Number of protein chains: 2
Amino acid sequence: MFQTMSVGIRHDDLRRRNRAMVISAVRRAGQPSRTEIAATTGLSHSTISAISADLIQEGILTESKATEPTALKRGRPQIGLALNPEAAAVLTVVLSLNFLSVAVIDYAGQVVAEEQQRLDTLVMPRDELIGACVAIVRRRLQDPDLDLGSVARIAMGIQGITDTHARAMLWSPITPLTDIPFADILETEFGIPATMENDCNMMAVALQWRDPERYRDDFIAILLSHGIGMGLVLKGTLFTGTHSSGGEFGHMIHRPGGALCRCGRRGCVEAYAGNYAIWRSAMNMSEDAEPVDVGDADMRALAARAREKDGPEREAYRRAGEALGFGLGSLFALIDPAPVAMVGVSAAAFDLIEPALREAIAQTAGGQHSTSISFDTEPNELPLIREGCAMRALTFVDQEIFAPGVQARAISGKHVA
Amino acid sequence: MFQTMSVGIRHDDLRRRNRAMVISAVRRAGQPSRTEIAATTGLSHSTISAISADLIQEGILTESKATEPTALKRGRPQIGLALNPEAAAVLTVVLSLNFLSVAVIDYAGQVVAEEQQRLDTLVMPRDELIGACVAIVRRRLQDPDLDLGSVARIAMGIQGITDTHARAMLWSPITPLTDIPFADILETEFGIPATMENDCNMMAVALQWRDPERYRDDFIAILLSHGIGMGLVLKGTLFTGTHSSGGEFGHMIHRPGGALCRCGRRGCVEAYAGNYAIWRSAMNMSEDAEPVDVGDADMRALAARAREKDGPEREAYRRAGEALGFGLGSLFALIDPAPVAMVGVSAAAFDLIEPALREAIAQTAGGQHSTSISFDTEPNELPLIREGCAMRALTFVDQEIFAPGVQARAISGKHVA
DNA sequence: GGCTTTTTTTCGAGCCTCGAAAAAATAGTG
DNA sequence: CACTATTTTTTCGAGGCTCGAAAAAAAGCC
């Protein structure tokens, strides 16, 4: 559909796009030769040759002959192209419950520095929370050991709702504060372009890079933690809502007028499957009981008890599975079934959740082929979020470097040609 | 995200795309001048001039000076460009419950011929149903009065589930038959490219053309008829599932284990809001009662009774509204609120549905700004579906004409230049 | 060392878009 | 009615980009 915007393609866009294509091919493939890139992009060898010569000359790519130490093949050996780690660096900031972590990553994707810090996010006043974030970033940026290319981009990830333009945190479970424009704050503070990303979206991005076989075109990442979040990739593209970012899967309605959710409403999926909900149910508390924070250790202990013997604990996980199953069923009714990754502390208890989940999903329209739907689990969400932020920032740089690339080439001159 | 596919842009793609851009600009704007097109596409005047000269020479566009009869402006008057009605024609086939209709539409979008037919879709055997469709299309194609350019494309619309590739009807409420590859059948029968489209998707496409102000980037078309269907446009693009086409909004779960749905499952939104569900409820029948077909006239009478006095009829509409509200709420939790168009016979009873719908939606995460969500109604779905099919077919032609356009130009030669 | 094979670079041809200038077509003006 | 101002459209040369073919480079094989 060419319905929406009809922006013509200029002649110079061509080079810009094809440069981006080459960079992205290198980032994905590791150390592809020029011939390989020509094959994957469909461009001619001459074009790849010209573009990669430019990119090498500009310091974005490097030639690394060590593709295969023992080149058994005949013919001129392939020269692997790699991202030049020093071409740029990016910085990730992940703010989660009582925890703040920052990492500096080089252009090739390697972590070159990191710092972590505990803080009391639930009670910190606005300026202190912002101050803590700014301070930790400043420490990393001013580190004299850090001798890489300047940091070209900051990606900050947070649990909660962010706006579509990736500028602000609108709401988060980790703090009572709302509407903090973190991206703008970091950008004006450090003069580095920044974005504010949703944690579950970043999980999805990370999965796409970690296992492109399984997580390619369509898949779902679900965070099973205190709250229930979702990152959704459709047709290879991260799906974000039209206004805010991130589908609020956890707040789809499971039972109208049902259990009390942390969001204040009733009957949300989260009100049955969030950590606090499982805890509440396992402790035989009322469905109206105010949600309480439950530590990861407590949740692991709860899961252990549920595995030990049948009882309220096991029943609580069963009910969580049911809620997730019906929620997924409704989701699958809309988007058709896709692979699912369960992430977070309760993903470690997925064995307790899965039977009821599958049973529920089988009762829904989306669950027609429920047995073929596959689930994967990853108990630790933080590394995923950070990876996702890093890749998000790096691909942003990839796409920003080629546009100024035209200017950069003009500046550097062509003493090679 | 350049993640998925990295197909480089060839040099000739450029022209192809820009040609498509010009055609689409003309189709949308009506009779734009070259200057207007240059402005909307962002391409230079020279380029637009060159491309439109080609398109006129190929008979795709025509110059129509009658932009404004009284040109009060100074300067050389603008020459309006219009689609040449004779450049091509498309054919639409809409198959609905007991009804089959076909229309021939010229390249400018005007209906030039049509034919309709009653048939008994619910009991027809497979070959008869297919035969009826083929026969009616053949009659239209062989009509001697039809003196237009040859039919370049067929778009067939049907209620039900179609596959992603728009080739086959997988399942439909209008017939017990399944998996009929209508697109392939028509294509091999007539040698004309054909597609199989979902009715609600076509409704959405039609709305996008009818009222581009209101229905542009994000909106939802919901069919309130025997069944409940949905067409969803996100970021200007029709959203189709990853496997089948069309979000099965009607089969999102409203109440786990609840009322019996036509699909055989329980608790779907449709089991509360479909015509049969409203009827069942109004007649005080059990929620387990087998769904029955209810005629449009009966539904209108039912609505009239509900308006007259409070009673089971009114309560039935209230419950329908509730189901739709919670369903929309869950949907809005995923995609954020967007304008909604209610289409179909029960849309005429939206006054009875709306209060409960708004009440329900206000209890959901997506309904945060529920008062700002606006609903529009359109009781007659068939014209919308046909319009959608027509536009779908025409835009396909738009995008196919430019690719052969390169060859066509070579054939026709350039006696103008 | 010469031959084969494979990868990479070079080079000219062919298009495409763009900007500037020219041409075209009209309204106003004395 | 001639002339000017104004706006649209076309023309034309310049600059870029990609492509295919051929050449060059860099190995292994005998």
Side-chain angles (χ1 to χ4, degrees), chain A residues 7-22 31-39 41-57 61 63 65-81 402 405-407 409-410 414 416-417, chain B residues 7-22 31-39 41-57 61 63-65 67-81 402 405-407 409-410 414 416-417:
Chain A
V7 179
I9 303 179
R10 306 288 209 49
H11 203 210
D12 20 330
D13 290 345
L14 226 153
R15 231 315 150 70
R16 211 166 43 88
R17 293 205 195 193
N18 286 340
R19 280 169 65 101
M21 213 67 66
V22 170
Q31 291 202 338
S33 69
R34 290 167 174 80
T35 314
E36 272 178 67
I37 297 173
T41 59
L43 297 167
S44 74
H45 287 188
S46 354
T47 305
I48 300 301
S49 190
I51 291 176
S52 50
D54 280 4
L55 291 173
I56 290 168
Q57 209 253 315
L61 299 184
E63 289 190 342
K65 307 218 170 173
T67 314
E68 288 173 47
T70 51
L72 316 127
K73 282 189 300 181
R74 225 141 108 140
R76 179 172 177 172
Q78 301 190 354
I79 306 169
L81 291 177
F402 58 69
V406 181
Q407 293 152 25
R409 196 158 24 124
K414 276 195 175 183
V416 177
Chain B
V7 178
I9 301 179
R10 306 286 211 48
H11 203 209
D12 22 332
D13 290 346
L14 226 154
R15 230 319 151 68
R16 210 165 45 86
R17 293 206 196 194
N18 285 341
R19 278 170 65 99
M21 212 66 67
V22 171
Q31 292 203 337
S33 69
R34 291 168 174 78
T35 315
E36 272 177 65
I37 298 173
T41 60
L43 297 168
S44 74
H45 287 188
S46 356
T47 304
I48 300 301
S49 191
I51 290 175
S52 48
D54 281 4
L55 291 174
I56 289 169
Q57 208 254 313
L61 298 184
E63 289 191 340
S64 70
K65 307 215 172 173
T67 314
E68 286 173 48
T70 51
L72 314 130
K73 283 190 299 183
R74 221 139 109 143
R76 180 172 176 172
Q78 301 190 353
I79 306 169
L81 292 177
F402 58 70
V406 180
Q407 293 152 23
R409 197 155 23 123
K414 276 193 171 182
V416 176

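These values consider heavy atoms only, across backbone and side chains, with no hydrogens, waters or symmetry-generated copies. Predicted, not measured: the structure shown is a model, and the values here were computed from it. Chain letters run A, B, ... following the sequence lines, proteins first and then strands; every chain starts at 1.
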Report task. In whole angstrom, give the distance that lies between atom NE2 of B/His45 and atom P of C/dA23. Result -> 19 Å

Query raised in the report: Hey, does the side-chain of B/His11 have a donor or acceptor N/O within less than 3.5 Å of a partner on the base of C/dG14?
Result: yes

Query - Protein-nucleotide distance (A/Asp12, atom CG; C/dG19, atom C1'), rounded to Å - result: 13 Å

Requested in this report: Classify the nucleic acid contact of B/Ser46 as base, sugar-phosphate or nothing, counting any heavy atom under 4.0 Å across all strands shown.
Outcome: base

Report summary line: Assign each of A/Ser52 and B/Thr47 the nucleotide of DNA chain C bearing its closest heavy atom; nearer the 5' end lies the nucleotide of A/Ser52

Report summary line: Between A/Arg76 and A/Ile48, the residue closer to the 5' end of DNA chain D by nearest nucleotide is A/Ile48

Requested in this report: Would you mind reading off the distance between A/Ile51 atom CD1 and D/dT18 atom C1', rounded to a whole angstrom?
Outcome: 9 Å

**Report entry** Interatomic distance where CG belongs to B/Leu81 and C1' belongs to D/dT8 [whole Å]
**Finding:** 12 Å

Requested in this report: For the pair A/Ser52 (side chain) and A/Ile48 (backbone), establish whether a donor and an acceptor sit closer than 3.5 Å, ignoring hydrogens and angles.
Outcome: yes

**Report entry** Distance in angstrom units between A/Arg15 CZ and D/dC19 P, rounded
**Finding:** 10 Å

Requested in this report: Return the nearest nucleotide to the side chain of B/Asn18; candidates are C/dT5, C/dT7, C/dT17.
Outcome: C/dT17

Query raised in the report: Are side-chain N/O atoms of B/Ser46 and B/Ser49 paired as donor and acceptor at under 3.5 Å?
Result: no

Report summary line: Taking D/dT9, C/dT26, D/dC19 as options, the one with an atom nearest any side-chain atom of A/Ser44 is D/dC19

Query raised in the report: Hey, does the side chain of A/Asp13 reach the backbone of A/Arg10 with a donor-acceptor pair shorter than 3.5 angstrom?
Result: yes

Query raised in the report: B/Leu43 or A/Gly75: which one's nearest nucleotide on DNA chain C is closer to the 5' end?
Result: A/Gly75

Report task. Using atom CZ of A/Arg34 as one end and atom P of C/dT6 as the other, report the distance to the nearest whole Å. Result -> 19 Å

Requested in this report: Examine distances only and state if a side-chain atom of B/Thr41 and a backbone atom of B/Ile37 form a donor-acceptor pair shorter than 3.5 Å.
Outcome: yes

**Report entry** Nucleotide of C/dT8, D/dT9, C/dT4 approaching B/Thr35 most closely (side-chain heavy atoms)
**Finding:** D/dT9

Report task. Please check if the side chain of B/Asn18 supplies one atom and the backbone of B/Ile51 the other of a donor-acceptor pair under 3.5 Å. Result -> no

Requested in this report: Mind calculating the distance between CZ (A/Arg10) and P (C/dG19) to the nearest angstrom?
Outcome: 7 Å

Query raised in the report: Nearest to the side chain of B/Ser33, which nucleotide is it out of D/dT10, C/dT7, D/dT9?
Result: D/dT9

Requested in this report: Mind calculating the distance between CZ (B/Arg19) and C1' (C/dC15) to the nearest angstrom?
Outcome: 14 Å

